[in-house]
Amino acid sequence: MKQGVYAILKAKYLIHDDAIKNWRFIVFLVVLVILMIANTQRFEQKVFEINELNNEVKELRSEFVDKRSELMKLKMESTVSKKMEAKQIYPSTIPPVKIKVKKEEDPNIFEKLWQ
């Protein structure tokens with residue numbers, strides 16, 4: 001038991017004649033670990049990017065709501081009339097009248113034949 005632990009500590013398994021098998025396995029493990037670390041880093045970058053985009057969406061949504069309420073205030077009749085008074089344009093005191101247009105009917109095919 002003591003010799004086995006001593007052999008591991010001295011890394012004799014890396015310098016023996018059949019050590020090439022061990023080196024292949026160690027290189028494979030190192031490459032695997034590097035790939036796992038790179039994959040984890042990419043995943044974390046994506047999470048940070050998603051978080052930033054979510055914050056941007058929240059900001060844009062709140063800005064949209066703010067601008068929409070501002071637009072509603074600007075479209076109100078009282079606001080428009082105040083701005084037009086500065087240009088000496090006042091609202092009408094006469095209510096609007098609905099205009100009805102009667103469409104002239106074209107004679108149908110039978111009436112055209114008899115004329």
Side-chain angles (χ1 to χ4, degrees):
M1 179 76 174
K2 192 174 187 180
Q3 290 293 343
V5 173
Y6 233 13
I8 291 175
L9 290 176
K10 287 186 177 182
K12 288 187 178 184
Y13 59 92
L14 297 176
I15 55 174
H16 282 308
D17 293 335
D18 59 347
I20 192 75
K21 294 177 188 175
N22 295 335
W23 278 105
R24 284 186 198 160
F25 185 69
I26 290 172
V27 169
F28 171 74
L29 288 179
V30 168
V31 169
L32 194 63
V33 167
I34 289 172
L35 287 175
M36 289 179 65
I37 290 171
N39 190 23
T40 304
Q41 186 177 7
R42 268 187 56 208
F43 174 74
E44 287 178 358
Q45 285 176 347
K46 295 283 185 186
V47 168
F48 287 132
E49 185 178 343
I50 289 171
N51 199 10
E52 287 176 11
L53 290 174
N54 281 336
N55 289 338
E56 187 178 347
V57 165
K58 287 178 185 178
E59 284 181 28
L60 290 174
R61 187 172 290 138
S62 65
E63 184 180 341
F64 166 73
V65 169
D66 184 42
K67 294 294 180 183
R68 184 174 57 186
S69 64
E70 187 179 323
L71 177 66
M72 292 300 286
K73 288 178 185 175
L74 289 173
K75 284 173 51 176
M76 291 175 74
E77 185 179 353
S78 60
T79 308
V80 173
S81 64
K82 285 180 186 176
K83 289 190 178 195
M84 289 296 119
E85 284 177 4
K87 297 179 181 180
Q88 296 181 348
I89 299 174
Y90 301 101
S92 176
T93 56
I94 303 170
V97 178
K98 187 173 185 179
I99 300 174
K100 293 182 180 179
V101 177
K102 290 185 179 180
K103 183 178 175 184
E104 254 185 54
E105 292 185 22
D106 291 334
N108 61 21
I109 298 174
F110 293 116
E111 291 179 8
K112 284 184 183 179
L113 286 175
W114 292 108
Q115 288 180 353

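All residue numbers in this chain count up from 1 along the given sequence.
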Mind listing the side-chain donor-acceptor pairs of residues 52-64 below 3.5 Å, one per line with the distance, residues two or more places apart or on another chain?
from	atom 1	to	atom 2	distance (Å)
Asn54	ND2	Ile50	O	3.4
Asn55	ND2	Asn51	O	3.4
Ser62	OG	Lys58	O	3.4
Ser62	OG	Glu59	O	2.8

Show every donor-acceptor pair shorter than 3.5 Å between a side-chain atom in residues 28-45 and any protein atom, with sequence neighbours excluded, or say none if there are none.
from	atom 1	to	atom 2	distance (Å)
Thr40	OG1	Met36	O	2.8

Between side-chain atoms of residues 79-97 and protein atoms elsewhere (two or more places apart, or another chain), which donor-acceptor pairs fall under 3.5 Å?
from	atom 1	to	atom 2	distance (Å)
Thr79	OG1	Lys73	O	2.9
Ser81	OG	Glu77	O	3.2
Ser81	OG	Ser78	O	2.9
Ser92	OG	Ile94	N	3.2
Ser92	OG	Ile94	O	3.1

**Asked** Which hydrophobic side chains are connected to Leu71, either touching it within the sub-4.5 Å cutoff or through other members that do?
**Response** none

